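Proteins get letters first, then strands, A, B, ... in listed order; numbering begins at 1 in each. Please read these numbers as outputs of a predicted model, since none were measured by experiment.
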Amino acid sequence: MAQRMSNLFLRTLRENPSDAELPGHQLLVRAGYVRRAAPGIYTWLPLGLKVLRKVEAIVREEMEAIGGQELSFPALLPREPYEATGRWEEYGPNLFRLADRKGVDMLLGPTHEEMFTVTVKDMFSSYKELPTILFQIQTKYRDEARPRAGLLRGREFIMKDSYSFDHTPEGLEENYLKHRGAYVKIFDRLGFEYVAVHADSGAMGGSASEEFLAVSPHGEDTFVRSPGGFAANVEAVVVPQAEPIEVTAGAAHVEDTPDTPTIDTLVAALNAKHPRTDGREWAAADTLKNVLVMLVHPDGTREPLAIGVPGDREVDAKRLEAQVSPADVEAFEEKDFATFPMLAKGYIGPGVLAESNSSGIRYLLDPSIAEGSAWVTGADEPGKHVIDLVHGRDFTADGTIQAAQIKEGDPAPDGSGPLTLARGIEMGHIFQLGTKYAEALGLKVLDENGKLVTVTMGSYGIGVSRAVAAIAESNLDELGLIWPRHIAPFDVHVVATGKDASVYEQAEKVVADLEAQGLDVLYDDRPKVSPGVKFKDAELIGVPTIVVLGRGLADGVVEVKDRRSGDKRDVPLAELTQAVVTDVRG
RNA sequence: CGGGGUAUGGCGCAGCUUGGUAGCGCGUCCGCUUUGGGAGCGGAAGGCCGCAGGUUCGAAUCCUGUUACCCCGACCA
């Protein structure tokens, strides 16, 4: 049955809600698709639910096409499996915890690795039952410190998560590639620009890992692309180790550089008081900045770490976190400086850093810092810097770390040219998890030789509700949403205008004919609503084809509008159904 | 957790400086008119002004405290 606007549970808003920021999210609220119930928690109204179901259907189809079997775990989970893997503790405040009436700890599932693993363990005991792909499309809960951007980062959200189970690395690889193929098909169908990037597998462990990012300036992830087609999340970019260069600098010498605690002030002072002899000016890139952070390991122990990067770069917090995971990174505070009196804040240099020096603090360098290169850096005394300090000659570090900020124009790891930076929204993540959870929960099967082997797993996620938001963000104009056809809540939006009863009678026939062709029709039958309101609502709601019955009927024609292009054409009544079917089905 | 901002009817906002009957637009309901670009006129319903204390004859408004929400950052498969 066609959905009549007179009977649709919908209220469109003329003005943007004050708590919505992103254009797509504003429109989803204004057009009556979703409504905020609590911070980061949204109600799916009828229109929104129809869209969500369509996205789910696409994901489900492609998962089934690679042999995935759907199941559904509870959202409300027992503590025990999460205790066994350590995540009851590790997840920290992001985990929604609750207790039942007997005081037994429960949680709302933030992700379901444990449940999949435990369930497969309960049911399988032989390699003959592998490989298996299981998936669910399910509501997840994470008590994010700061939910934002509507559906893009909520505390309740819908995710497809699947897991593959194999007893050999080859099997895992194969399932990983199957998922990769399915993901390409899914994202090709969803209707936003996306890019698959190399990712950091981070705290989840595992090796091969790729993220599918929706390209968007509103994204929270930064990724790089090279002219040669290399693409990676900045967290996963590996800066190559610079080749040693010939030492050309003279002997290192300490100079007075009063009041130069920052790179900017240092560079200015150098150019004023200690100009270079080769004719060019000092630049931030000539300086070596030594940044101190405090690592907090999962067992609670704290370890200071010094990172040396060229002065024209920051330490990228996300890259650093990815490198030191599972440890957390905290700021190096005044009280920490107090315990290391040899550290002169603002003038810290390699002279006291490294495990073999007075501070004993582990000192890691950015790999772009070549052996033989000369630097201006802190002399470990307030108001003093050392010039021409040469890496390998005058100082050494304990190793290197991939933590420096990546900049637009940096050379690409594949050697194809300069990197470009862009932002993206993480829509999917696939990675080879390996045995982390199987090990922790004892998921083993008997192999061909009758020996117990730990099952190796792959983990694959897609943000389903986030996908709805991403589609909205990339399919809109100043008038409203513009859904891709296979995502739209309806195939066609029929608008009857005017007060003449014959228009509505004709519209009923048109609607019936379109439905007879199998189309899903939204019919604006509201009798006392002015045409302008109906047009605005239709544009806001964003069904891709809009059929308008009104004044043209006198000449036997009906207007067919393409929402995306704005093109309008008059079609004779007799040809209308066929014309619309052609538009909708391509 | 740091910084900034806001809490007044379903939505968007004004009023607060200088205390004195709680207002506007949109939406909703009734009537008449109107019907190709968010209609007009007339009528109506709907608000413990976030919460708690305090000052005052009197507090949306002043004072103290508190909570919530939004934005930026930190954080975040």
Side-chain angles (χ1 to χ4, degrees), chain A residues 10-22 25-26 29-30 32 35-36 38-41 87 90-95 110-113 140 142-150 152-155 157 159 161 163 199-206 209-212 220-221 233 235-236 293 296 317-318 320-322 325-326 328-331 333 426-431 433 436-437 458-463 466 479-480 495-501 503-504 524 526-540 546 548-554 558-559 561 568 570:
Chain A
L10 172 73
R11 163 119 303 131
T12 57
L13 303 176
R14 194 182 294 225
E15 287 163 294
N16 280 323
S18 64
D19 59 357
E21 200 67 15
L22 298 189
H25 181 234
Q26 288 175 337
V29 175
R30 275 187 61 202
R35 194 159 273 218
R36 198 183 73 100
I41 302 178
R87 293 210 296 182
E90 270 175 33
Y91 240 99
N94 267 21
L95 193 61
T111 168
H112 283 75
E113 281 84 357
K140 312 275 187 190
R142 291 181 198 172
D143 194 0
E144 297 282 353
R146 187 159 89 79
R148 70 184 102 179
L152 280 180
R153 177 169 291 285
R155 295 194 294 171
F157 56 98
M159 177 184 271
D161 55 331
Y163 297 88
D200 177 74
S201 43
M204 307 303 293
S209 173
E210 284 167 277
E211 283 174 342
F212 291 77
E220 297 176 89
D221 289 289
N233 192 303
E235 293 171 24
V293 296
V296 182
K318 287 191 175 183
L320 175 59
E321 292 263 1
S325 174
D328 277 337
V329 178
E330 285 185 6
E333 293 171 358
E426 183 181 352
M427 301 305 308
H429 194 172
I430 56 176
F431 60 94
L433 189 55
K436 176 173 174 179
Y437 290 90
S459 167
Y460 320 92
I462 289 180
R466 179 180 278 188
L479 297 173
V495 178
T497 66
K499 60 176 177 179
D500 189 343
V503 175
Y504 294 84
D524 197 340
R526 295 174 294 179
K528 297 210 169 165
V529 173
S530 73
V533 171
K534 292 182 179 180
F535 295 148
K536 291 291 186 195
D537 277 347
E539 282 147 357
L540 185 58
I546 301 168
V548 181
L549 288 84
R551 61 184 180 197
L553 278 182
V558 175
E559 183 178 286
K561 275 204 286 200
K568 305 175 184 179
D570 283 336

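Nearer to the 5' terminus of RNA chain B, by closest-nucleotide assignment, is the contact made by L479(A) (compared with the other of L479(A) and P110(A)). Across the interface with RNA chain B, nearest-nucleotide mapping of M159(A) and R35(A) shows R35(A) to be the residue nearer the 5′ end.
Residue K499(A) places its side chain closer to U34(B) than to any other of C69(B), G38(B), U34(B). Closest contact between the side chain of H429(A) and the listed nucleotides A77(B), G12(B), G38(B) involves A77(B). Of the listed nucleotides (G37(B), G38(B), G36(B)), G38(B) has the atom at the smallest distance from the side chain of D537(A). Checking G37(B), A77(B), G36(B) against the side-chain heavy atoms of D161(A) singles out A77(B) as nearest. Candidate nucleotides G12(B), A77(B), C76(B) were compared by shortest atom distance to the side chain of R153(A), and C76(B) ranks first. The R11(A) side chain lies nearest to U28(B) when the options are G38(B), G36(B), U28(B). With distances taken from any side-chain atom of P39(A) to the nucleotides C11(B), G38(B), C69(B), the minimum falls on C69(B). The nucleotide whose nearest atom lies closest to any side-chain atom of E559(A) is, among G36(B), C69(B), G12(B), G36(B). Between A77(B), G25(B), G37(B), one nucleotide has an atom nearer to the side chain of E426(A) than all others, and that is A77(B).
A gap of 15 Å separates the C1' atoms of G15(B) and G47(B), to the nearest Å. Rounded to a whole angstrom, the distance from the P atom of G23(B) to that of A44(B) is 13 Å. Rounded to the nearest Å, the gap between the C1' atom of U8(B) and that of A14(B) is 10 Å. For the C1' atom pair drawn from U55(B) and C63(B), the interatomic distance equals 7 Å after rounding to whole Å. G9(B) and G46(B) have their C1' atoms separated by 6 Å, with the value rounded to a whole Å. Rounded to the nearest Å, the gap between the C1' atom of C13(B) and that of A7(B) is 13 Å. Atom name P, nucleotides A45(B) and G37(B): the rounded distance is 34 Å, in whole Å. G20(B) and G65(B): their P atoms are spaced 25 Å apart (whole Å).
Applying the 3.5 Å distance criterion, the base of G38(B) shares no donor-acceptor pair with the side chain of S530(A). Applying the 3.5 Å distance criterion, the base of G40(B) shares no donor-acceptor pair with the side chain of K528(A). The base of G38(B) does not come close enough to the side chain of E539(A) for any donor and acceptor atom to sit less than 3.5 Å apart. In terms of polar N and O atoms assigned as donor or acceptor, the side chain of R30(A) comes within less than 3.5 Å of the base of G38(B) in a complementary pairing. No donor-acceptor contact under 3.5 Å links the side chain of R142(A) to the base of C76(B).
Atom-to-atom, NE2 of H25(A) to P of C70(B) comes out at 10 Å; the value is rounded to the nearest Å. In this structure, L13(A) places its CG atom 12 Å from P of C13(B), rounding to the nearest Å. Residue L95(A) contributes atom CG, which lies 16 Å from atom C1' of C75(B) at whole-angstrom precision. Separating the CD atom of E210(A) from the C1' atom of A77(B) is a distance of 15 Å, rounded to the nearest angstrom. When rounded to the nearest whole Å, the span between CG of D524(A) and P of G37(B) equals 15 Å. Rounded to a whole Å, the NZ atom of K536(A) is 15 Å from the C1' atom of C26(B). Whole-Å rounding puts the K534(A) NZ to A39(B) C1' distance at 14 Å. Spacing between atom CD of E15(A) and atom P of C11(B) amounts to 12 Å, rounded to whole angstrom units.
The shortest distance between side-chain heavy atoms of F535(A) and T497(A) falls below 4.5 Å. Considering only heavy atoms from C-beta on, R30(A) comes within 4.5 Å of N16(A) through its side chain. Here the side chains of R14(A) and K536(A) are not in contact, with every heavy-atom distance at 4.5 Å or above. Within the 4.5 Å cutoff, the side chain of E210(A) has no heavy atoms near those of the H429(A) side chain. Side-chain atoms of F212(A) and E426(A), non-hydrogen and from C-beta on, never get closer than 4.5 Å to each other.
Across all strands shown, U34(B) forms no Watson-Crick or G-U wobble pair with both key distances under 3.5 Å. The partner of G2(B) is C72(B), by the rule that a Watson-Crick or G-U pair needs both atom distances under 3.5 Å. Shown here, U28(B) forms a base pair with A44(B); the pair counts as Watson-Crick or G-U wobble because both key distances fall under 3.5 Å. With a 3.5 Å ceiling on both atom-pair distances, the Watson-Crick or G-U wobble partner of G65(B) is C51(B). Pair assignment for C13(B) gives G23(B), based on Watson-Crick or G-U wobble hydrogen-bonding distances that are each under 3.5 Å.
Salt bridge present: E539(A) and K561(A) bring a charged side-chain N and a carboxylate O closer than 4.0 Å. Between R11(A) and D537(A) no salt bridge is recorded (no basic side-chain N to carboxylate O distance below 4.0 Å).
Looking at heavy-atom distances under 4.0 Å, K140(A) makes no contact with the nucleic acid at all.
There is no side-chain donor-acceptor pair under 3.5 Å between S209(A) and E211(A).
Taking side-chain N and O atoms only, R36(A) has a distance below 4.0 Å to OP1 or OP2 of C70(B). Proximity of R14(A) to the phosphate of G27(B): a side-chain N or O atom is located under 4.0 Å from OP1 or OP2.
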